[in-house]
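Each ligand, and each atom within it, is numbered from 1 in the order the structure gives. Values below: every heavy atom of this structure, side chains too, minus hydrogens, waters and symmetry copies. Note that the structure is a prediction, hence the values are computed from the model and not measured.
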Amino acid sequence: MATLRDFLREGRLSALEARMLWQHVLQVPRSWLIAHDTDTLSEDSVQAYRQLEERRLAGEPMAYILGMREFMGHEFLVSPAVLIPRPETELLVEKAVLCLQGRSDVAVLDLGTGSGAIAISLALALPQAQVVATDISNEALQVARENASRLGANVEFHQGSWYQALPSGKVFDLILSNPPYIAEGDPHLVQGDLCFEPANALTDGADGLAAYREIVAGAPEHLQPGGSLYVEHGWEQADQVCNLLRQAGFRDVASLPDLAGILRVSGGHL
Ligand code: GLN
């Protein structure tokens, strides 16, 4: 009769991932696993675990297997229709919070929201802000809407490509985006978690800057005078994104490093 201890000893997955899958199968907290590691496991739960383990061994990301990923301290539902929220994207939300803190009556736009992680975290951090989010994918918007309702965030969602999703005449104090920024043919696209994620959330199918050109070009028309734009980008794109911003008339253009010291977010104001 197999026990949790036996499964952890097998070593087919790392102990961390095996524990995460067992928590999911048994619907118990981590402390339960520690206290019950010599209990006999039921046949059904062993079977359920083996199925998840197979998926993981085939390379499927943990977040899709569990259907969840934590971001800014909130649990977000994720499915293969959306990019898995990344820890480095928290920098973009933190910058936005700093930018708007203490201001009342502000409107924020998140372009290409995916799971809604950025827009929803911001709406929860700044309940006085009006938060609007767009995505081209209806499937992604379903996930984002469900996350907003589960987490009690007030976000207005619109479907469409970048600014085309918006009702006409709408202007914002701050625009944010974590657009697809990996260049077509980049070898990372066929490695690890990325090959399970939606391609159109990862790559622009071009040089990796196509989304920034569109987002930056449309920003002046959709920002209040003095309004700001901040975007996440790849490790080697800070200079190019900053140049696009300057060429479009943005001022005080600057880049911020993520926790790994990589310039990850750039922006400025009009
Ligand atoms: N940060 C992601 C990665 O490199 C890419 C996300 C994106 O293209 N916006 O894995």
### Task
I would like to know whether L176 and L174 meet side-chain contact (heavy atoms from CB on, under 4.5 Å); could you show each step before the answer?
CA-CA 7 Å; L176 302 171; L174 176 64; 4.0 Å; yes

## Note on the structure
Here the atoms of ligand 1 under 4.0 Å from any heavy atom belonging to P180 are 8 (O)

### Task
Provide the number and element of each atom of ligand 1 under 4.0 Å from a heavy atom of N178.
7 (C), 9 (N)

### Query
Relative to ligand 1, is L194 under 4.0 angstrom through side chain, backbone, both or neither, heavy atoms considered?
side chain

### Message
Does only the side chain of H188 get under 4.0 Å from ligand 1, or the backbone, or both, or neither? Count heavy atoms.
### Response
neither

### Query
Does the side chain of S121 pick up a donor-acceptor pair with the side chain of H74 at under 3.5 Å?
no

### Message
For a quick check under 3.5 Å, do Y181 and E232 share a side-chain donor-acceptor pair by atom type?
### Response
yes

### Query
Are the side chain of D186 and the backbone of A183 linked by a donor-acceptor contact shorter than 3.5 Å?
no

### Task
Please answer: with hydrophobic residues joined when any side-chain heavy atoms are less than 4.5 Å apart, are F250 and W162 in the same cluster?
yes

#### Entry: Any N or O of I182 closer than 3.5 Å to N or O of ligand 1
no

### Query
So, is R264 polar-close to ligand 1, with some N/O to N/O distance under 3.5 Å?
no

### is_close_aromatic(H222, F172), centroid dist under 6.0 Å
no

### Query
Which of parallel (below 30°), tilted (30 to 60°) and perpendicular (above 60°) describes W22 and Y49?
parallel

### Query
Among all protein non-hydrogen atoms, which one is nearest to atom 10 (O) of ligand 1, and what is the separation to 0.1 Å?
R86 NH2, 2.9 Å

### Query
Which protein non-hydrogen atom lies closest to atom 1 (N) of ligand 1, naming both residue and atom, and how far is it?
Y181 OH, 2.8 Å

### Query
Among P179, G234, S177, which one has a heavy atom closest to atom 7 (C) of ligand 1?
P179

